[in-house]
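To start, the structure under review is shown below, and the notes come after it.
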Amino acid sequence: MWGSRAFLAGWLLLLLVQLLCLEAVPISIDKTKVKEPEKKPEEPPASVDTGLHYDRYLREVIDFLEKDQHFREKLHNTDMEDIKQGKLAKELDFVSHHVRTKLDELKRQEVNRLRTLIKAKQDLEGGNDIAVDHQALLKQFEYLNHMNPHTFEVEDLDRLIRSATKDLENYDKERHEEFKRYEMMKEHDRREHLKTLDDEERKKEEEHYEEMKKKHADHPKVNHPGSQNQLKEVWEEADGLDPEDFDPKTFFNLHDTNGDGFFDEQELEALFTKELEKIYDPTNEEDDMVEMEEERLRMREHVMNEVDSNKDRLVSLDEFLVATKKKEFLEPDSWETLEQNQAYTDDEMREFEEHLAQQEQDLNQKAFDLQKQRDELERQQEQLNAQKMELQQAVEHMERLKSQKVDPPPEVLGNAVPEIPAVESQLHEAQQQGHDPAPQGHHPVPEGHDPALQEHHPVPEGHHPAPEGHDPALQEHHPVPEGHHPAPQGHDSAPQAPQDIPQEQHGQENQDQAQQGLPQTHDNIPPGHNIPPVQGQNQLP
């Protein structure tokens, strides 16, 4: 459409210049002082996206192949069936070295792009630690030979042609399926919204919906796509020409925007803009622009099926001229728009809603499982926090004890008497020196006697010396009964303690030992107190 307008503007400008030249007086001009405007190189028309994920790679390969004179001639002279069978791909061997080198570079770039996409997909799925087999994954991309990622060969061109042909044929089917899902989802949302309303609001909503449907259907008559009436309308309103002067060949040249001698799918769809504007207005509430694009696709498919005789998805000038002579072109049937042809059936809608219900149930189950896992993780976290707090308290307690330097009490096993090796050794020395036990308050302390022994081992009042040969160490464990006679003369015994030691002090020491659970010895037994004999030991007579 833009190309036709540019052509028309240029034609009108040329006509205007000719009229001015006829009426204007010629003036002599010094051409040496006049600078001619610089001619800007014409930019090639922008290629239209095919919708394929390898569209850029496809267009770049075609662009470089068309730069080769030999291949360009073969491309325009080869039938579509021969192209599909791979005959055109064999002409790659005759392409110039410069073009082949560029094709090799394009292929390497495409392989690197695919590898990057594979790696990005793996990262999104959380498989960073998994080794990637790029060769295995590249097999899914059938439009290139992944076994040879370095050079562009005949097989690569053949794969590219076959894949593009097949994918483009399936592309329209996928678009129709996508639009069907869109329409069913829109209806499903409307029904779900009605369930949230009360009876009065639901009635108003239904009335508004029916009103919008009628308003959308109230539009001017839509011409049959590709018919004489439809093309004449474009000729008149878009091209600004007289409908009576309609010429199919001129019309074709006006709307072949890239000048390649063919109507491609995008150039055909541009012809239906005026018809679509009769039905859809983006400012109207009742008009859906997604439906408008679907209507455009339906019109283009219809014209392709009627005009494209060799099924190469292109309309040549010859095919177009032949179609303008058919009865369908001159006397077409009426065209039924989307509101007259619902995109889905009642069974399809029911299956779609069942599928949505199942999806919702699965999502709810997953949400429940995730919540359960979250609760379990929170419980484990609470346990870890409690253990951490207990450990911290234990560490703080140990630090306090360490700072106070508190020693634990001595460990006492059973009723064992603590050993007093120093006292026993002193008693033994006293016996070896031959000291006789002095009666209380009668004999003075012998010369050389150790007074320290008197301080630590006082003899209680009324105590009788042990017999000759008696071990003084046993005296601690074998008390002498009351009224026992003294041992024979010459028997050594423990020296008598000084009389100035208070009796209360001995009582206090015995009380402390009793509190500590220690057995009392006869060294500090009060006067007149008899210690019962220890079971299992021989008593003295």
Side-chain angles (χ1 to χ4, degrees), residues 1-8 42-52 55-89 91 157 160-172 225-228 230-231 234-235 238-239 246-273 296-326 328-329:
M1 182 177 67
W2 292 106
S4 61
R5 290 180 178 177
F7 180 86
L8 178 60
E42 295 183 0
E43 298 181 357
S47 301
V48 182
D49 193 345
T50 60
L52 304 176
D55 173 76
R56 180 177 179 179
Y57 174 67
L58 173 64
R59 289 187 287 109
E60 288 178 344
V61 169
I62 294 176
D63 290 343
F64 275 100
L65 286 174
E66 287 187 341
K67 292 179 180 179
D68 185 86
Q69 181 67 26
H70 172 77
F71 192 87
R72 183 169 62 252
E73 293 177 357
K74 289 292 182 180
L75 178 63
H76 290 285
N77 296 329
T78 304
D79 186 77
M80 188 60 188
E81 291 299 325
D82 293 337
I83 295 177
K84 291 181 180 180
Q85 293 176 7
K87 294 182 179 180
L88 181 63
E91 300 296 329
L157 182 58
L160 185 59
I161 293 173
R162 293 177 184 273
S163 297
T165 303
K166 181 182 67 174
D167 294 341
L168 286 173
E169 290 175 354
N170 296 330
Y171 180 66
D172 289 343
S227 65
Q228 184 181 33
Q230 190 257 318
L231 297 184
V234 175
W235 174 276
D239 301 336
F246 177 75
D247 178 62
K249 186 175 181 179
T250 304
F251 181 90
F252 185 92
N253 292 329
L254 284 174
H255 296 277
D256 179 17
T257 54
N258 59 4
D260 61 353
F262 295 91
F263 275 165
D264 58 28
E265 295 177 347
Q266 287 71 34
E267 289 169 337
L268 278 177
E269 290 181 357
L271 299 178
F272 311 134
T273 302
R296 189 192 303 274
L297 175 61
R298 291 178 66 239
M299 292 180 174
R300 188 255 294 165
E301 286 182 335
H302 175 74
V303 172
M304 279 291 187
N305 291 333
E306 288 187 346
V307 181
D308 183 18
S309 57
N310 61 359
K311 305 304 177 184
D312 62 351
R313 303 179 71 88
L314 296 172
V315 176
S316 65
L317 176 59
D318 293 337
E319 289 174 331
F320 181 75
L321 294 178
V322 170
T324 57
K325 298 176 182 178
K326 294 181 180 179
E328 292 80 4
F329 179 78

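Counting begins at 1 with the first residue of the sequence.
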Taking V315's backbone N and O only, do any of them form a donor-acceptor pair with D308's side chain (distance below 3.5 Å, no angle check)?
no
About how many Å separate CG of D260 and CD of E66, when rounded to the nearest 0.5 Å?
8.0 Å
For the residue pair L231 and G226, what are the closest heavy atoms and their distance?
CD1-O, 4.2 Å
Quick one: CD on Q230 to CE on M299, what's the gap to the nearest 0.5 Å?
7.5 Å
Side chain of D264, backbone of L314: donor and acceptor closer than 3.5 Å?
no
Lys/Arg N to Asp/Glu carboxylate O, D172 vs R298, below 4.0 Å:
no
Report yes if the side chains of L271 and F251 come closer than 4.5 Å at any heavy-atom pair, otherwise no.
yes
Distance col, row F263:CZ vs M304:CE, nearest 0.5 angstrom, shows 10.0 Å
For A89 and L157, work out which heavy atoms get closest and say how close.
CA-CD2, 3.6 Å
Side chain to side chain, Q228 and T324, heavy atoms closer than 4.5 Å:
no
Is a side-chain donor or acceptor of E319 paired with a backbone partner of S316 at a separation under 3.5 angstrom?
yes
Indicate whether any N or O donor in one side chain lies under 3.5 Å from an N or O acceptor in the other, for E267 and H255.
no
Shortest non-hydrogen pair, S227 vs F329, comes out as C-CE1, 3.6 Å
With rounding to the nearest 0.5 angstrom, report the CD to CG distance, Q266 to N258.
10.0 Å
Start with the C-alpha distance between D55 and R59, add both sets of side-chain angles, then the distance that settles salt bridge (charged side-chain N to carboxylate O under 4.0 Å, His left out), and finish with yes or no.
CA-CA 6 Å; D55 173 76; R59 289 187 287 109; 2.7 Å; yes
CZ of F262 to CZ of R313, rounded to nearest 0.5 Å, is 15.0 Å
Identify the heavy atoms of E269 and R296 that sit nearest to each other, and give their distance.
O-NH1, 3.2 Å
Do R72 and D68 sit within salt-bridge range, that is, some charged N less than 4.0 Å from a carboxylate O?
no
Hey, what do you get for NZ (K166) to CZ (R162), rounding to the nearest 0.5 Å?
10.5 Å
Smallest separation among heavy atoms of G261 and D256, with atom names:
N-OD2, 2.7 Å
Hey, mind stepping through W235 and T250 against side chain to side chain contact (heavy atoms under 4.5 Å, CB included) and telling me if it holds?
CA-CA 10 Å; W235 174 276; T250 304; 4.0 Å; yes
Grab the two heavy atoms, one from N305 and one from K311, that are nearest each other, plus how far apart they are.
O-NZ, 3.5 Å
